[in-house]
Structure formats: structure tokens, C-alpha cells
Amino acid sequence: MTYKMIVLDLDDTLLQDDHTISPRTKQALMDAQEAGVKVVLASGRPTSAMLDIAEELRLKDYGSFILSFNGAKITNCQTGEELFSSTLSPEMVHQLYDVSRSEDVWIHTYVGDYIVTEAGNQYTDVEAAITGLDVFEVDSFVESVNEPVVKVLMLEEPEKLAVVEKKLQEQFAGELSVMRSKPFFLEFTEEGVTKGTSLNQLIGQLGITREEVIAIGDSYNDLAMIEFAGLGVAMGNAPDDIKEKADYVTDTNMKDGVAKVVEKFVLNGAVLV
């Protein structure tokens, strides 16, 4: 099998714990691009928080793409054009705010280039550190969201959030996509919008088949693209239930897990048996 696209989650997958790309991983991805393989970034991050990484990998030069907000936006790195965009209505965001109050969890969203929340908390601080976006604390979350937004996050300690996740997946079935990107991040996007569905849209426009795609990730918001791709890869640091659903399990993000996949299946042409 000749693979034509590698789709990469960022945090805890492509990136090391200090949010950098290891030299070995960067070299493998540059070699793949030189060989004509598209490298696509797919993250829960906002688009603006992915541009530095796209620039480091020269995605613009190679005519590649970014899937941001868990697939709610597809951006052409060469032209800056948005090929797809999905949003949540202010009314839905307000409803989610009410739910967050009843479930006693934190909530934030994105307005412009700011993370908007009513009260600072340790989990929003983590998101700010990851994305590089400033946090804007507002008196009224509801009054501050009067236009559509791309996604909403609820945040709390993992054990509690796992319970909330199951409850809200049932409550919003048919209305929203509800999934965790980290143990303490519960993400909400438009129904049917995942990294997997956006990847399907993208390859349809490029004339690439799913069998020609490698998708690599570590968390629950990566599962849709891992299951969709011809070669779905879980990181060594992924939860066991993600690993069980992947076609292949690589090493961790701290041990060049991405590089090892690219070297084996793309640069050396190995076949999964």
C-alpha cells in the first residue's frame, strides 16, 4: 500500500510534552512530504493555535491542510481559505452554559482570538498554555456569546467529567458531537462533526481514498479518524480502549512514536499484516 496522506493529532501525539516536535519526527515528516505525501494537522485546538506548527513543517509550501476545532474547520494552508466551517448557535451555547451550572463544571468557548469564561480555573489555564490564547474573564458568559462559535468546552477533574460525558452524550444525542480530548476537557461541536468526518470531506476533494490515509492520535476525539483511516494508529501513551480500536500501536509521544510510523509505513514501505 502506498500512503498519500498522514493525519496527525498534535498534543500528546506529534508534540512532545514540552509542545515541541522532536528532530527525528520532524525529519521523517519532511522526508514524507518531499516524497509527495500530504501531512495534515488535526486537533481540537483553534486554527490560530496550529499555525506555528504548520509553518515549522512547511505545510504551506507543500499545499497541505489543517483540521482545527476537532474538524469543525478545514483550512487550506497555501491560500488561507476555509474549505469547511461548522458552528454552534448562541442559543445552543447558552443551553450548554445552563447545563454546566447544573452539573457544576467549568465552561469556556472562543470569541475572536480569546478564550472566554466567567471564572478563571486551572483547566482553562491549561488550554491557554497549550493554545497561546489569552483568557478573557467576563461577568456574564451568556451575554458575551451573541454570535455563533465553533465549539464549547466543559472542564473538570477527570473522574467527574467522565460521568458528565456519558450523561450529556445521551442528552444531546442527535444534536451535538460530545467527546473528550483530554481527561479534563469535554468538547462540544455540531452533530456529526468529528476529525473523521472532516477527513472524509477533505480526501473527497483531493481524490484520495481512505485506504491511502494514515491517521495517528492518542485520545477520544481522535478515535473517529483512527477508525476511518486505512491505517489507524494509536500512540503508546493512548488509553487502552483507544489502542484496542486502532490497527496499529506505536511508541509514545516522548519516544518518537510518530516518526516510527512514518519511517516504517511511508519511507520504508512496510505493510501491516
Side-chain angles (χ1 to χ4, degrees), residues 1-45 47-68 74-80 129-132 195 199 202-203 206 208-219 221-222 225-226 228-238 242-243 246-273:
M1 169 58 67
T2 300
Y3 293 104
K4 296 182 179 179
M5 179 179 286
I6 306 163
V7 188
L8 300 167
D9 172 55
L10 298 188
D11 299 294
D12 303 313
T13 297
L14 171 65
L15 303 181
Q16 300 178 107
D17 292 349
D18 63 358
H19 306 305
T20 63
I21 305 172
S22 76
R24 178 178 174 181
T25 295
K26 182 176 179 179
Q27 187 61 56
L29 292 172
M30 299 310 296
D31 290 346
Q33 290 183 107
E34 281 295 317
V37 178
K38 295 289 186 189
V39 171
V40 174
L41 305 181
S43 174
R45 292 187 182 201
T47 311
S48 61
M50 301 172 67
L51 296 178
D52 287 351
I53 300 163
E55 183 175 351
E56 181 177 355
L57 294 175
R58 294 176 53 202
L59 298 195
K60 179 179 180 179
D61 296 339
Y62 290 102
S64 200
F65 303 86
I66 288 173
L67 308 183
S68 54
I74 304 175
T75 303
N76 183 321
C77 294
Q78 201 163 51
T79 65
I130 290 172
T131 63
K195 293 183 183 183
L199 175 56
L202 178 60
I203 65 172
L206 299 177
I208 294 173
T209 68
R210 61 192 295 180
E211 290 78 19
E212 296 170 319
V213 176
I214 299 174
I216 311 175
D218 74 289
S219 195
N221 63 326
D222 301 315
M225 72 174 187
I226 289 172
F228 173 80
L231 179 60
V233 179
M235 297 297 292
N237 47 287
I242 301 293
K243 293 177 181 177
D247 301 308
Y248 183 78
V249 178
T250 187
D251 217 328
T252 70
N253 65 313
M254 294 301 293
K255 294 184 179 180
D256 292 307
V258 167
K260 290 172 182 177
V261 172
V262 176
E263 291 164 357
K264 180 172 184 174
F265 294 104
V266 177
L267 302 181
N268 296 325
V271 177
L272 186 66
V273 294

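Residues Tyr3 and Val37 are not in side-chain contact: their nearest non-hydrogen atoms beyond the backbone lie 4.5 Å or more apart. Side-chain contact between Val213 and Val7: present, with at least one pair of heavy atoms (C-beta onward) separated by less than 4.5 Å. By the 4.5 Å heavy-atom criterion applied to side chains, Asp11 and Asn253 are not counted as neighbours. Using a 4.5 Å cut-off on side-chain heavy atoms (C-beta onward), Thr209 and Ile203 make no contact. A heavy-atom distance below 4.5 Å is found between the side chains of Met5 and Leu202. Residues Asp61 and Glu55 fail the side-chain proximity criterion, which asks for heavy atoms closer than 4.5 Å. At least one side-chain heavy atom of Thr20 sits under 4.5 Å from a side-chain heavy atom of Gln16. For the pair Phe65/Leu206, a side-chain contact is recorded, criterion being any heavy-atom separation below 4.5 Å from C-beta on.
Nearest heavy-atom pair, Asp17 versus Met254, reported as atom, atom and distance to 0.1 Å: N-SD, 3.2 Å. Scanning both residues, Asp12 and Met235, for their nearest heavy atoms gives O-CG, 3.9 Å. The two residues Ile216 and Ile6 come nearest to each other via the heavy atoms CD1-CG2, 4.3 Å. Pairing each heavy atom of Ala238 with each of Asp218, the nearest pair is CB-O, 3.3 Å. Looking at every heavy atom in both residues, Ile66 comes nearest to Cys77 through CG1-SG, 3.7 Å. Counting all heavy atoms, side chain and backbone alike, Ile21 lies closest to Ile53 at CD1-CG2, 4.0 Å.
We find the CD-OG1 distance between Glu211 and Thr2 to be 13.0 Å, quoted to the nearest 0.5 Å. Separating the NZ atom in Lys195 from the CZ atom in Phe228 is a distance of 15.0 Å, to the nearest 0.5 Å. The line from OG of Ser43 to CG of Leu67 is 10.0 Å long, rounded to the nearest 0.5 Å. With rounding to the nearest 0.5 Å, the separation of NE2 in His19 from CG in Leu14 is 12.5 Å. If you take CG on Asn237 and CG on Asp251, they are separated by 9.0 Å, rounding to the nearest 0.5 Å. Distance CG/Leu29 to CG/Leu41: 9.0 Å, rounded to 0.5 Å.
Taking a 6.0 Å sphere around CD of Glu56, one finds it holds more than 12 heavy atoms contributed by other residues, nucleotides or ligands. By the neighbour-count criterion of 12 heavy atoms within 6.0 Å, atom NZ of Lys243 is densely surrounded, having more than that number from other residues, nucleotides or ligands. Heavy-atom neighbours of Lys255 NZ from other residues, nucleotides or ligands within 6.0 Å: at or below the threshold of 12.
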Take Ile242 and Ile226, measure what side-chain contact (heavy atoms from CB on, under 4.5 Å) needs, and give me the verdict at the end. CA-CA 9 Å; Ile242 301 293; Ile226 289 172; 4.0 Å; yes
Between Val261 and Ile214, is the side-chain contact (heavy atoms from CB on, under 4.5 Å) condition met? List the steps. CA-CA 9 Å; Val261 172; Ile214 299 174; 4.1 Å; yes
Evaluate Phe265 against Lys260 for side-chain contact (heavy atoms from CB on, under 4.5 Å), listing each step before the verdict. CA-CA 8 Å; Phe265 294 104; Lys260 290 172 182 177; over 6 Å; no
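No donor-acceptor pair under 3.5 Å is formed between the side chain of Asp9 and the backbone N or O of Asp222. The backbone N or O of Gly257 lies less than 3.5 Å from a partner atom in the side chain of Thr250, making a donor-acceptor pair. Side chain of Asp256 to main chain of Ala259: no donor-acceptor pair is present (N/O by atom type, distance under 3.5 Å, no hydrogens or angles). A donor-acceptor contact shorter than 3.5 Å is absent between the side chain of Glu263 and the backbone of Val258.
The residue from Glu34, Gln78, Lys38 that alone fulfils the side-chain hydrogen bond (donor to acceptor under 3.5 Å, both in side chains) condition with Tyr62 is Glu34.
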